[in-house]
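Have a look at the structure below before the remarks.
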Number of protein chains: 2
Amino acid sequence: MTNKNEILKVAAQLIREKGYVGLSMRDLAKAIGVRASSLYNHIPSKQAILNEIILHLAEEFTSQIKNVATEQISSLTKLEQIIEHHVDLSLHSPNQLALLNNEWMHLEGQALVNFKTKRNQYEESLRQIINAGKSTKELKPLHTELVLFSMLSTLRNLNLWIKKRGSIPSKQLKKELSQVLLSGIA
Amino acid sequence: MTNKNEILKVAAQLIREKGYVGLSMRDLAKAIGVRASSLYNHIPSKQAILNEIILHLAEEFTSQIKNVATEQISSLTKLEQIIEHHVDLSLHSPNQLALLNNEWMHLEGQALVNFKTKRNQYEESLRQIINAGKSTKELKPLHTELVLFSMLSTLRNLNLWIKKRGSIPSKQLKKELSQVLLSGIA
DNA sequence: GTCTATAAATAGATAGAC
DNA sequence: GTCTATCTATTTATAGAC
C-alpha cells in the first residue's frame, strides 16, 4: 500500500544521490517495493515528483522570510531568525533541500517559472534586510550583493554538512553559525 | 576539425546547464557541429569527459593549497591566498568548477576514488591552517568544522555568482571577500 | 576525421487483467 | 492498487564506407 508521501520521500533521497535525470522510475519503484507502473496510480509523472518537492519547500522559505521582514525587530535579529530557519529546515528536510539547490533546472514550464519567482522574492527580501542593516549601521558598508551571496552560499549548503557536525547541539549551532556569518572568524 | 579541448570546453558548459546524465552525446555533438559518432575519434567515452574535467581541476586546487601550506606566512595570509585562488579559478573556469561541485557523484571507479582523495586532502590542508590560526589567536575559538564548512561553502559557490557581481573589479572583490569571510559583516 | 547505419540497453508511460 | 506486457523514444557506443 504505497502512498504519495512515501513516494516523494524516497524519491527525494534517491534524486539527491543520483540526480533527477539519473533516477529512473524503475529504480524508484524498486526502492519502494513495487513495479514502476504502480507508481502512476499515485503520481501523474516523474516531473510531478520534482515539482511537488521543490515548490513546497520554496513556498516554506518565502513565507517565512516575508513574516520576518514585517516584524518590528532589528535587522540583525531578522538575520538571526533567517539563519535559524535554515538550520531547522536543513535538519528536518536535508534531501528535499538538496533538490531545491541542485535539481531545480530540471523543472519545466510553469513550475520552473514559479520556482524562479519564489527564489527572486526570497533574495529580494533578504537584500532589503541587508540594506536596512547598512542604513542603521548594524552592518558594515560592504557590497550588498557580496553579503547576500556569501550568506546564502553558507545557508544553502547547510544540508550537506549538518549531519557531519558531530556533537554540536542545534541550539549552539544556530548561535555559533550566526556568529560566524555576522561577526566573522578572525 | 574537432579537437579534444574543444569537446571538453563545450561539454563543461552544457553539462553545467543540463547535468551530466541530462546531456546526450547527440546534443554535445550538435553544439560542436558534428555527428555523435565523430566524437569518439577524440574521446573514448562520455565518462572520460567528466573524468578529465573534474580531476584536472581537483589537481589544480590540491597543488595550490599544498604550496600555500608550506609557506612561512601567517595563517590569515594563507587564508587570503586561498580565497584569491578561488576567485581566480571562478573567473577563469566557472563551468568546470560547476562540474566539480555538482557532478562528481557521476564519476565511476578509480576516477571517483581519486576525486574523493583529492577533496579530502584539500579539506585536511585547510583544516590544519584553521587550527594553526586558532592556536596563534589569529582566529576566534570557534568549531573548526563550522569555520571550514562556512568558508568552503562560499568559495565553492563563487562560480555561480561571480559573473553577476556587476562593477566590482577582481582585485577589490578579493579584498572585500576576504573581509566578509574573515572579519564578518556586522 | 566525419559520415550513415545500426546494435543493445534503457527510458517514461499506458493498457488491461486481476 | 499492483501486476505483466508492451509501446515509443532515446541512450551510449561500434562498424564500416568515404
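Each chain gets a letter, A, B and so on, in the order the sequences are listed, and its residues count up from 1.
The nearest whole Å value for the distance from the CZ atom in B:Arg35 to the P atom in C:dC3 is 7 Å. Spacing between atom NZ of B:Lys18 and atom C1' of D:dT11 amounts to 14 Å, rounded to whole angstrom units. Taking atom NZ of residue A:Lys4 and atom P of nucleotide D:dG1, one finds them 13 Å apart after rounding to whole Å. Per the geometry, CD1 belonging to B:Ile7 stands 13 Å off P belonging to D:dA13, to the nearest Å. Atom CD1 in B:Ile43 sits about 10 Å away from atom P in D:dT14, given to the nearest Å.
Within the structure, the salt bridge (charged side-chain N to carboxylate O under 4.0 Å, His left out) test picks out no pair touching residues 28-50 of chain B (sequence neighbours left out).
Here B:Gln172 pairs with A:His143, B:Ile168, B:Pro169, B:Glu176 under the side chain to side chain contact (heavy atoms under 4.5 Å, CB included) rule; sequence neighbours left out. Take A:Lys4 and apply the side-chain hydrogen bond (donor to acceptor under 3.5 Å, both in side chains) test, not counting sequence neighbours, and it matches A:Glu52. Here A:Gln179 pairs with nothing under the side-chain hydrogen bond (donor to acceptor under 3.5 Å, both in side chains) rule; sequence neighbours left out. For the salt bridge (Lys or Arg N to Asp or Glu O under 4.0 Å) test, no residue two or more places apart in sequence or in another chain qualifies with A:Lys134.
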Each nucleotide of nucleotides 11-18 of chain C classed B (base within 4.0 Å of a protein heavy atom), S (only sugar-phosphate) or -, in 5' to 3' order, makes BBBBB---
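A salt bridge is defined here as a Lys NZ or Arg NE, NH1 or NH2 lying under 4.0 Å from an Asp or Glu carboxylate O, and A:Arg127 with A:Glu145 meets this definition.
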